[in-house]
Amino acid sequence: MSSPPIQWYPGHIAKAERQLKENLKRVDVVLEVLDARIPLTSHHPQINAWIGNKPRILVVNRMDMIPEKTKQEWLSWFKEQGEEPLFTNAKQGKGIKAILKAAKAVGVSMNQRRRDRGMRDRPVRAVVIGFPNVGKSALINRLVGRKAVASARKAGVTRQLQWVRISPEIELLDAPGVIPWRIEDQENAVKLAICEDIGEASYDNQRVAAAMVDLLVELGFGAALKSRYKLDPLSITGESYVYDLGNNLYQGDKERVARQLLNDFRTGLIGAIPLEFAP
Ligand SMILES: Nc1nc2c(ncn2[C@@H]2O[C@H](COP(=O)(O)OP(=O)(O)OP(=O)(O)O)[C@@H](O)[C@H]2O)c(=O)[nH]1
Ligand SMILES: [Mg+2]
């Protein structure tokens, strides 16, 4: 492909990363939030190094956007890796209690250690970390039970760190999404773009839409495209698909159709479609 690689590392993310690292010292537990459609690609490669020995709660959000079967396969896979992922739907508030319980448990053992050293109890401090737009702020709002922080359908909504008191026992730090300084693998970059987990300034809609069609066909979801758009993607390239569909629907407006394809995927209109499966 001749287009420039997808790279996105705006100033506010660089700043957020510095502040996040600074604040991690004050935090007792980290909630790492992954996107269920791309649990591998939405894991920030440096997170483990940042967290060190702190307890981590692994949250796989957007569980409504993948089939139940795929979710079960991921659950087994993560367990094989020694992880205990908690699946959530932060939009509708599903799976929230288990997270509160896990965070409280960290608080209980922390306060036990404090008491042993003659110190008073304090609330457990947690932070949410993850790529942009995976649902960190929506999750916080669900945990606290009201709209405490901004959450919207766009990467890069949260710009500053913000503490929220969830209950007398838990304080949570909302943080802007973080992304690696360089995304080495362009296949991953395309998946992040399709899922809108990186900013739209970084990619070309028509290219990403074409790549999405190719990827959906490769993953066996061609029929979902065919039934929604009355156009079979199986024997043509993604690029031709965007071109032909633009002709069918919008007098050749490829940009408009590319935006629609991406939007339909992101709002679930093409179906509950994962872009990664458990290895
Ligand atoms: N379908 C679905 N949508 C979700 C879920 N969680 C969050 N969303 C939506 O995804 C969008 C992004 O959510 P945010 O909470 O702003 O994401 P964020 O991770 O805080 O994003 P940044 O602040 O940009 O890093 C919002 O429109 C949410 O309503 C989910 O589990 N399922
Ligand atoms: Mg946010």
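For ligands, and for the atoms within them, numbers begin at 1 and follow the listed sequence.
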heavy-atom search around atom 29 (O) of ligand 1 in the protein gives K91 CG, 4.0 Å

Mind checking whether the Mg ion (ligand 2) has an N, O or S of N133 under 2.8 Å? no

Could an N or O of ligand 1 be found under 3.5 Å from any N or O of G135, whether backbone or side chain? yes

What about V157: any of its N or O atoms under 3.5 Å from an N or O on ligand 1? yes

At the Mg ion (ligand 2): angle between S137 atom OG and T158 atom OG1, to 10 degrees: 90°

Looking only at protein heavy atoms, which one is nearest to atom 10 (O) of ligand 1, and what is the separation? R62 NH2, 2.9 Å

Between L58 and E84, is there a side-chain heavy-atom distance shorter than 4.5 Å? no

Between E169 and S167: side-chain donor-acceptor atoms closer than 3.5 Å: yes

Ligand 1 to D174 polar contact by distance, N or O atoms, under 3.5 Å: no

Can you find an N/O atom of A175 closer than 3.5 Å to an N/O atom of ligand 1? no

Ligand 1 atoms in contact with G156 (distance to a heavy atom under 4.0 Å): 24 (O)

Do L34 and L40 make a side-chain contact, defined as non-hydrogen atoms from C-beta onward lying under 4.5 Å apart? no

Does any N or O atom in A155 lie less than 3.5 angstrom from one in ligand 1, N or O only? no

Residues T41 and N188: side-chain donor-acceptor under 3.5 angstrom: yes

Okay, side chain of N141, backbone of A148: is any donor-acceptor separation there less than 3.5 Å? yes

A152 to ligand 1: N or O pair under 3.5 Å? yes

Numbered atoms of ligand 1 (with element) below 4.0 Å of K154, judged on heavy atoms: 24 (O)

Cut-off 3.5 Å, side chains only: do D116 and Q112 have a donor facing an acceptor? yes

N/O/S from S151 sitting under 2.8 Å away from the Mg ion (ligand 2): no

Can you see whether N248 engages Y229 through a side-chain donor-acceptor pair at a distance of less than 3.5 angstrom? no

Hydrogens and angles aside, do Q260 and N263 bring a side-chain donor and acceptor to less than 3.5 Å of each other? no

State plainly whether the residues K136 and D174 are in salt-bridge range, i.e. N to O under 4.0 Å. no

Decide whether an N or O pair under 3.5 Å exists between G177 and ligand 1. yes

On a heavy-atom basis, I'd like to know which of I198, T158, N141, I13 is closest to atom 23 (O) of ligand 1. T158

Parallel, tilted or perpendicular for W74 and F78, by the 30°/60° rule? tilted

Do me a favour and list the nearest non-hydrogen protein atom to atom 19 (O) of ligand 1 with residue, atom name and distance? K136 NZ, 2.7 Å

Of V134, V59, V144, which meets side chain to side chain contact (heavy atoms under 4.5 Å, CB included) against L139? V59

Between Q92 and D64, a side-chain donor and acceptor under 3.5 Å: no

Give yes if a backbone or side-chain nitrogen or oxygen of A90 is under 3.5 Å from a nitrogen or oxygen of ligand 1, and no if not. yes

Under a plain distance cut-off of 3.5 Å, with no hydrogens placed, do N61 and T88 share a side-chain donor-acceptor pair? yes

To which protein heavy atom is atom 1 (N) of ligand 1 closest, and what is the distance rounded to 0.1 Å? D64 OD2, 2.7 Å

Are L173 and R125 close enough that some pair of their side-chain heavy atoms sits under 4.5 Å apart? no

Close N or O approach (A138, ligand 1; < 3.5 Å): yes

shortest atom 14 (P) of ligand 1-to-protein heavy-atom contact is with S151 OG, 3.4 Å

Using a strict 4.0 Å cut-off to heavy atoms of S137, name the atoms of ligand 1 that fall inside it. 15 (O), 18 (P), 20 (O)

Students should be able to answer this: which protein heavy-atom is nearest to atom 6 (N) of ligand 1, and at what distance? N61 ND2, 3.0 Å

Atom 12 (C) of ligand 1: the protein heavy-atom neighbour that sits closest, reported with distance to 0.1 Å: N133 OD1, 3.0 Å

